[in-house]
Amino acid sequence: MTEVDFYELLEVDRSADAGTIKSAYRKLAMKYHPDKNAGCKDSEAKFKAVSEAYECLKDPQKRAAYDRFGHAAFRNGGGGGGGHSQDFSGFSDIFESVFGEFMGGRGGGRQQVRRGADLRYDMEITLEEAYHGKSAEITIDVTAVCDTCGGSGARAGSHPHTCNTCAGHGKVRAQQGFFVVERACPVCNGSGQVIDDPCPDCRGDGRVERTKTLSVEIPPGVDEGTRVRMTGEGEAGARGAPPGDLYIFLHVKRHNLFEREGTTLFARAPISFTTAALGGSLTIPGLDGRSHELRIPAGIQSGKQLRQRGAGMPVLQGRGFGDLVVQIDVETPTRLSTRQRALLEEFRETETGEECPESQGFFARLKNAFAGD
């Protein structure tokens, strides 16, 4: 058979580093994996070929030998250079070792019991509830331990027995030419145990679908995207394996007055131009149930921010509170009575320009800008 260069198979240069080779293999393995190409012999052959190439090039010693001698480096002594006669299922472990962090793979040694899957629950709360915390009950559909068999998967009065094929390891090894490949035991499917008389309710899985209600405590100070972890409340593991966890993702509703950034609360407050000119005070109801009075200094401008210390959100799992920041927006009146208009006209006639120094400075700069024309 024609021997294809391993670097060409992985579509990388011969000078590619280990990270580039691994990334290239991931891309090609996902593309040609049989789960995505059911029944396609060409994809199966391609998957085996790129897996074999990666198995060689990921090992510095094997790669050095291949770079020097090519496929001939592995022919003597039963190497698996280019024949591609290996059992296809053996390459699943190569794939698993690379994608283990995504596929839940496990290494060698004795069979490690896989815990149940983690679950996600999305909960919407108000900003007030985020401030004070909240006790709530949620209902979820979850895979739970079968009460009939207690999670063993075996019918009452019987018990699972150790798999004779893998001796309870859950994995078997096979010599594939130059390589020794470890894969899940085909008899027990990797569990290490065999059930001769399965439970009639869970059919040997040790788990059943169930709806349960849980009490949840939301601590004060949570924010959008905060996760609350409930240990052991996820899906039950198969045949008595530990359960996964339940993660509650919190989403905070938009408030009609406050916006939030960390522990700081922001609000916008429109005030009349007379209050801005003469000064005054402003009362803001806080999430803590108290009213916070802020002093408005005379001559305040639009965009100026007033800060009330300790009137913001509580620190999550800590001490103290953030601040309340109020941005002032000076509102120009749009409806004036005859008396009000007359007073404003009188005020305008007495203006000297010193009342509004920023405006005076702007027009002075504008005049100077065109003075040379």
Side-chain angles (χ1 to χ4, degrees), residues 29 33-36 38-39 44 47-48 51 86-121 139-176 179-214 229-247:
H33 196 274
D35 288 347
K36 297 182 63 175
E44 178 179 325
F47 180 78
K48 290 191 290 185
S51 297
Q86 289 85 349
D87 179 7
F88 164 73
S89 60
F91 288 105
S92 63
D93 279 355
I94 304 174
F95 183 83
E96 182 178 344
S97 68
V98 177
F99 293 88
E101 63 268 35
F102 305 111
M103 306 290 287
R106 297 291 188 270
R110 289 191 64 84
Q111 170 67 13
Q112 300 183 29
V113 178
R114 294 191 180 184
R115 62 193 291 270
D118 294 334
L119 296 179
R120 170 174 177 154
Y121 184 93
T139 301
I140 60 172
D141 294 324
V142 65
T143 301
V145 174
C146 175
D147 292 333
T148 304
C149 64
S152 69
R155 185 185 293 271
S158 65
H159 301 279
H161 64 82
T162 300
C163 176
N164 294 325
T165 302
C166 64
H169 289 263
K171 293 180 180 291
V172 293
R173 290 187 174 188
Q175 182 76 32
Q176 305 292 343
F179 310 109
V180 175
V181 179
E182 189 176 66
R183 55 184 175 177
C185 175
V187 176
C188 65
N189 296 319
S191 68
Q193 294 184 322
V194 175
I195 298 176
D196 295 323
D197 191 6
C199 171
D201 291 342
C202 65
R203 295 177 180 152
D205 188 50
R207 302 175 296 179
V208 292
E209 294 294 329
R210 184 176 300 161
T211 299
K212 64 179 180 180
T213 301
L214 300 172
R229 178 183 178 185
M230 300 188 70
T231 305
E233 297 295 350
E235 292 197 346
R239 300 183 184 177
D245 300 330
L246 171 64
Y247 290 90

Is there a donor-acceptor pair closer than 3.5 Å between any side-chain N or O of [X] and the backbone N or O of [Y]?
X: D245; Y: D118; result: no
X: R207; Y: A236; result: yes
X: S158; Y: A154; result: no

Where do [X] and [Y] come nearest, in terms of heavy atoms and distance?
X: G192; Y: C166; answer: CA-SG, 4.2 Å
X: V142; Y: G234; answer: CG2-O, 3.4 Å
X: R203; Y: P198; answer: C-CB, 4.0 Å

Would you compute the distance between atom [atom1] of [X] and atom [atom2] of [Y] and round it to the nearest 0.5 angstrom?
X: L246; Y: K212; atom1: CG; atom2: NZ; result: 8.0 Å
X: E235; Y: R210; atom1: CD; atom2: CZ; result: 12.5 Å
X: D147; Y: C202; atom1: CG; atom2: SG; result: 10.5 Å
X: R229; Y: Y247; atom1: CZ; atom2: OH; result: 4.0 Å
X: C199; Y: D205; atom1: SG; atom2: CG; result: 10.0 Å
X: C149; Y: R155; atom1: SG; atom2: CZ; result: 11.0 Å

Take I140 and T211 through the test side chain to side chain contact (heavy atoms under 4.5 Å, CB included) and record every step on the way to the result. CA-CA 6 Å; I140 60 172; T211 299; over 6 Å; no
Where do T231 and E233 land on the side chain to side chain contact (heavy atoms under 4.5 Å, CB included) test, with the steps shown first? CA-CA 6 Å; T231 305; E233 297 295 350; over 6 Å; no
We want to know whether E209 and T143 form a side-chain donor-acceptor pair, criterion being a heavy-atom distance below 3.5 angstrom.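 Checked: E209/T143 side chains pair up, N/O donor to acceptor below 3.5 Å.
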Count the heavy atoms of every other residue, nucleotide or ligand shown that sit under 6.0 Å from NE2 of H161, and state whether that count exceeds 12.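 Correct, the count exceeds 12.
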Taking side chain to side chain contact (heavy atoms under 4.5 Å, CB included) as the definition, give me every residue that meets it alongside T165, ordered by chain and number, with sequence neighbours left out.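 Applying side chain to side chain contact (heavy atoms under 4.5 Å, CB included) to T165 gives C163, V172, C185, V187.
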